[in-house]
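Everything below concerns the one structure shown next.
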There are 2 protein chains.
Amino acid sequence: MAMSLGIEQPVTNADKTFFQLRKDIVEGLIASGSKLSETELSTRYEVSRAVIREAINRLASCHLVERRANVGARVVDLSPDGLIQLYQVREALEGMAARLAARNMQDEEIASLQGLIDSHFNKVKDGQSYYQEAGDVDFHYRIVLGSKNAHLISVLIDGLYHLVRMYRVQLGMAGPRVTRAYDEHRNIVHAIANRDEELAEILMRRHILYSKNNIEAKLRSPSP
Amino acid sequence: MAMSLGIEQPVTNADKTFFQLRKDIVEGLIASGSKLSETELSTRYEVSRAVIREAINRLASCHLVERRANVGARVVDLSPDGLIQLYQVREALEGMAARLAARNMQDEEIASLQGLIDSHFNKVKDGQSYYQEAGDVDFHYRIVLGSKNAHLISVLIDGLYHLVRMYRVQLGMAGPRVTRAYDEHRNIVHAIANRDEELAEILMRRHILYSKNNIEAKLRSPSP
DNA sequence: GACAGCTATATTGTCGACAACTGAGGCTGA
DNA sequence: TCAGCCTCAGTTGTCGACAATATAGCTGTC
């Protein structure tokens with residue numbers, strides 16, 4: 001695993017194929033629930049079956065595909081229950097991440113995070129929904145990295161976040177939750193700056209809980 | 001991944017090799033920090049390099065080995081900091097597992113769990129330190145499975161628990177924490193039986209925190 | 001018509017060989 | 001002496017072919 005300190009750089013052919021496949025799955029180019037044929041993919045991506053196999057195995061580690069011996073691999077299918085379970089794990093892990101960030105982040109990192117939030121303020125004020133996607137992701141990334149916990153970083157950034165993005169993209173999230181989420185982010189940073197571990201964890205957990213409820217509501221009423 | 005509902009059954013050759021390699025690493029037969037040569041392992045385990053490669057990749061997903069492109073894989077090395085980080089994640093995940101177990105476990109499952117605890121009582125009373133290893137593992141397994149959350153189950157049972165066992169085995173844990181841990185288990189089951197999610201989570205988190213402190217102390221004073 | 005068993009086909013699992021890369025050691029030239 | 005380059009052995013990455021397995025469809029019997 002790339003350990004994700006910064007941007008993951010593909011070096012081998014299997015890496016590139018893995019990233020490409022992951023992208024195509026997350027963005028729905030390969031339909032959720034569809035079967036992944038090794039031979040077909042090897043011709044489509046113009047690599048040998050061995051590298052396709054390795055890529056699929058890695059995707060299985062991220063829980064983006066499910067593999068059965070002697071049968072094959074299928075892209076996971078998205079379900080309300082799956083989403084809920086995903087957010088339950090996020091709540092636990094990111095709560096802990098916020099706690100550890102309050103303990104372990106350097107002062108400069110916190111200042112930089114504060115700067116990020118401030119820059120968001122302008123965009124929120126202008127009503128740019130740009131926020132939800134890039135801004136939200138960036139915010140959560142920084143806190144997870146700030147935890148300085150390798151397991152946390154790996155499970156979330158290399159694993160769950162791609163699934164989260166898959167749900168967001170394929171269910172078409174954009175949402176009017178922008179300004180409210182902005183305030184929540186602001187409060188979390190404040191708690192971290194005060195080195196208040198307990199509060200940072202609680203606020204982060206509530207933030208994710210709200211976010212789950214929001215997406216869940218969208219999931220019931222197909223709006224797009 | 002095997003999804004771990006019950007016992008994971010090897011079907012393919014890569015499965016068997018993966019299990020064997022994992023066992024040998026966890027139990028220290030392959031030294032922590034040592035390099036894993038694909039060619040050497042393929043002769044030692046009498047399989048082709050391809051299945052060794054797949055096994056190593058899976059081990060990397062469990063964080064039991066670290067792989068670098070074009071260089072090779074090394075068994076992770078155990079460190080005090082690594083142990084602490086591991087238990088931080090356990091605290092977050094198993095806390096959530098206990099909460100969800102209080103919500104989702106069937107009445108019969110809870111009764112069975114209660115039975116397990118009761119059976120432990122006799123052994124603890126007799127001073128059998130058998131408890132710590134098998135009993136403790138079994139207890140935590142049941143609660144994680146009781147959460148009915150696939151991600152939680154996979155990350156913990158297919159992943160972190162093997163690392164936990166690796167620390168325990170290679171640092172020689174047995175400890176006088178038996179009776180105290182027993183009481184903590186008892187209280188957790190009580191909270192779950194009462195469907196008290198909040199309390200179940202808090203108790204589990206404290207239980208793991210205590211456990212971490214215990215191992216940490218042992219790690220400072222090499223007793224065995 | 002339904003069902004069990006068999007056959008055929010397509011897919012996955014496994015293998016050995018070749019290509020590409022890394023790291024160590026020695027060599028050259030200042 | 002030392003920095004930098006180069007060579008070379010050994011390792012990992014990639015490939016195409018073969019073996020083993022599962023699924024679909026057919027056949028024959030009840």
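Here is the naming used below: chain letters follow the sequence lines, and residue numbers restart at 1 for every chain.
In this structure, A/Met166 and A/Leu64 approach most closely via the heavy-atom pair SD-CD2, 3.9 Å. The minimum heavy-atom distance between A/Val65 and A/Ile56, with the atom names listed, is CG2-O, 3.8 Å. A pairwise comparison of heavy atoms in A/Gln170 and A/Glu27 identifies NE2-C, 4.2 Å as the closest pair. Between A/Val137 and A/Arg168, the shortest heavy-atom contact is CG2-NH1, 4.1 Å.
Distance CG (B/Asp15) to P (D/dT21): 13 Å, rounded to an integer number of Å. C/dT14 atom P lies 11 Å from atom CG of A/Asn57, rounded to whole Å. Residue A/Lys16 contributes atom NZ, which lies 13 Å from atom P of D/dG13 at whole-angstrom precision. Rounded to whole Å, the distance from CD1 on B/Ile52 to P on D/dG13 is 14 Å. Separating the CD1 atom of A/Ile56 from the P atom of C/dT12 is a distance of 7 Å, rounded to the nearest angstrom. Atom CD in A/Glu54 sits roughly 13 Å away from atom P in D/dT12 (whole-Å rounding). Atom CD of A/Glu38 is separated from atom P of D/dT14 by 15 Å (rounded to the nearest Å). The separation between A/Arg74 atom CZ and C/dT12 atom P is 11 Å, rounded to whole Å.
A/Arg44 is listed as a side-chain neighbour of A/Leu41, based on a closest heavy-atom distance under 4.5 Å.
Between C/dT14 and B/Thr12, a contact under 4.0 Å exists linking OP1 or OP2 to a side-chain N or O. Proximity of A/Lys35 to the phosphate of C/dT12: a side-chain N or O atom is located under 4.0 Å from OP1 or OP2. Contact annotation: A/Arg53 does not reach the phosphate of C/dT11 (side-chain N/O to OP1 or OP2, under 4.0 Å).
A/Glu66 and A/Arg74 are not joined by a salt bridge, as no carboxylate oxygen comes within less than 4.0 angstrom of a charged side-chain nitrogen. Look at B/Arg67 and A/Glu54 and you find no salt bridge, because none of the NZ, NE, NH1 or NH2 atoms lies under 4.0 Å from a carboxylate O.
Nucleic acid contact class of A/Leu36 (heavy atoms, under 4.0 Å, all strands): sugar-phosphate only.
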Could you encode protein contacts along nucleotides 15-20 of chain C as a string, one character per nucleotide from 5' to 3', using B for base contact, S for sugar-phosphate-only contact and - for no contact, with a heavy-atom cut-off of under 4.0 Å?
-> B-B---
